[in-house]
Amino acid sequence: MYRKIAAVLAAVAVAVLLPSPAQAHGQLAFSDPVDRSTLTEPRESVRLVFTEKANTAAYFTVKAPDGTRVDHGWSGGEPKPLASPVQELTLRDGNWEPQLYKIGFPTVIPVSHWPQTGVYTITYQSVASDGDKVSGEVRFDYQGKITAAPAGWQPPTNQPDPMLLGQTATPQQPAGSGGATPGAVAGPAEPDSPTWPYWALAGLVAAVVLGGVLVHRRGAPRRR
C-alpha cells in the first residue's frame, strides 16, 4: 500500500518538475564568424542569421577580449534561403509540432576596429514575433591584424531595452517586417519563469501525500 503511494508521489514529482518544451521561435540559425571558429582577417562587420527578422528593440554587442565594445549599431540584411533548414517547435491545438524554417534573416553588426587578438564575443537579446525571448552569444578567436579605432571613437554604452529584461516578453512587430517566414506558424507567447515554483509545487504535493500516509497509518488498527 505504502509502496504504491510512494510510486505515485514520485511520478507526480517528476511530472511537475519536467518543463514543457521551449518554442524557440526566431532562434539563431548560424553566424559569420561561426561560433568557436578562428578569424584571421579583419572585417567591417559580423553577421547573425535568425529564422525571422530581428525585433526593433533587439540588442547586440561585440566585445574584444578585454571586454571593450567594438560594435557600432546594427541593421537588417536581405533574407536568403538557409543552407540547412532549422527546426523549431510550434504549439498547434495544444500539441507541440516541428516546423521547418528555410529562410534566414541576417542582422549585420558593424565592427569599428580590432584592438586585440584573442576571443571576441557577440551577444544578442531580442523578442520573437510571438513573444518568445531570443538570447545567446557567439565566441570566436581573432588572430588577424590589429587595427586602430576610428578618429573620435567612443565605445557604445547603450543598454538593453527594459522589455528585453522583464520576466514577461511583449510581442513586437519585427523590424522591416514584410511577412512571415514561409511555412511559419505563430504560437502563443510563453513567458519565461523562474524554476522555483516547480520545486515549491512538487514539495507541496509531496507534503500533502505524505501527510495522508501518516494519517492513514495512525488511523489504521494495529495487527497483533
Side-chain angles (χ1 to χ4, degrees), residues 19-33 35 43-80 86 88-91 99 101 103-113 119-140 149-150 152-181 184-197:
S20 60
Q23 294 184 57
H25 288 291
Q27 67 176 302
L28 181 68
F30 71 90
S31 64
D32 182 19
D35 188 36
R43 56 173 61 182
E44 296 182 354
S45 63
V46 295
R47 291 195 314 151
L48 301 178
V49 180
F50 300 91
T51 56
E52 67 177 26
K53 293 182 179 181
N55 189 282
T56 54
Y59 180 73
F60 301 94
T61 67
V62 181
K63 294 183 179 180
D66 65 357
T68 302
R69 286 180 60 178
V70 293
D71 54 281
H72 184 53
W74 66 274
S75 62
E78 191 69 23
K80 294 182 179 180
V86 176
E88 298 179 357
L89 295 178
T90 299
L91 189 62
Q99 176 71 48
Y101 289 76
I103 302 296
F105 295 84
T107 292
V108 182
I109 311 168
V111 176
S112 60
H113 62 298
V119 177
Y120 283 68
T121 304
I122 307 171
T123 62
Y124 58 93
Q125 290 179 260
S126 187
V127 177
S129 59
D130 67 346
D132 283 345
K133 289 186 179 181
V134 179
S135 63
E137 66 177 32
V138 174
R139 297 165 63 87
F140 62 93
W153 166 257
Q154 293 292 332
T157 58
N158 63 310
Q159 297 298 314
D161 188 292
M163 177 190 69
L164 302 175
L165 303 176
Q167 287 296 324
T168 303
T170 303
Q172 298 288 326
Q173 183 71 11
S177 176
T181 304
V185 178
E190 184 177 88
D192 292 346
S193 60
T195 57
W196 69 264

**Prompt:** From His113 NE2 over to Glu44 CD, what is the distance, rounded to the nearest 0.5 angstrom?
**Reply:** 14.5 Å

**Item:** Taking every non-hydrogen atom, the tightest pair across Pro65 and Tyr120
**Value:** CD-CE1, 3.4 Å

**Asked** Where do Arg43 and Asp32 land on the side chain to side chain contact (heavy atoms under 4.5 Å, CB included) test, with the steps shown first?
**Response** CA-CA 11 Å; Arg43 56 173 61 182; Asp32 182 19; 3.0 Å; yes

**Asked** So does His72 have more than 12 non-hydrogen atoms from other groups sitting under 6.0 Å from NE2?
**Response** no

**Message:** Main chain of Asn158, side chain of Tyr59: is a donor-acceptor contact present, judged purely on distance under 3.5 Å?
**Reply:** yes

**Message:** Strictly distance-based, threshold 3.5 Å: is any side-chain N or O of Asp71 a donor or acceptor partner for the main-chain N or O of Val111?
**Reply:** no

**Request:** Could you tell me how the ring of Phe60 sits relative to the ring of Phe50: parallel (under 30°), tilted (30 to 60°) or perpendicular (over 60°)?
**Result:** tilted

**Asked** In Å and rounded to the nearest 0.5 Å, what is the OG to CZ distance from Ser112 to Arg69?
**Response** 10.5 Å

**Asked** To the nearest 0.5 Å, how far apart are CG in Asn55 and CG in Leu164?
**Response** 7.0 Å

**Asked** Hey, are the side chains of Val46 and Val138 touching, using non-hydrogen atoms and a 4.5 Å cut-off?
**Response** no

**Complete:** For Glu52 and Ser129 the tightest heavy-atom approach is OE2-N, 2.7 Å

**Message:** With rounding to the nearest 0.5 angstrom, report the OG1 to CD1 distance, Thr123 to Ile109.
**Reply:** 8.0 Å

**Asked** So which heavy atom on Pro110 is nearest to which on Gly73, and how close?
**Response** CD-O, 3.3 Å

**Complete:** One should read off an interatomic distance between Leu48 CG and Glu137 CD, to the nearest 0.5 angstrom, of 11.5 Å

**Item:** Gln125 side-chain N/O to Pro160 backbone N/O, donor-acceptor pair under 3.5 Å
**Value:** no

**Item:** Between OG1 on residue Thr121 and NZ on residue Lys63, distance to nearest 0.5 Å
**Value:** 8.0 Å

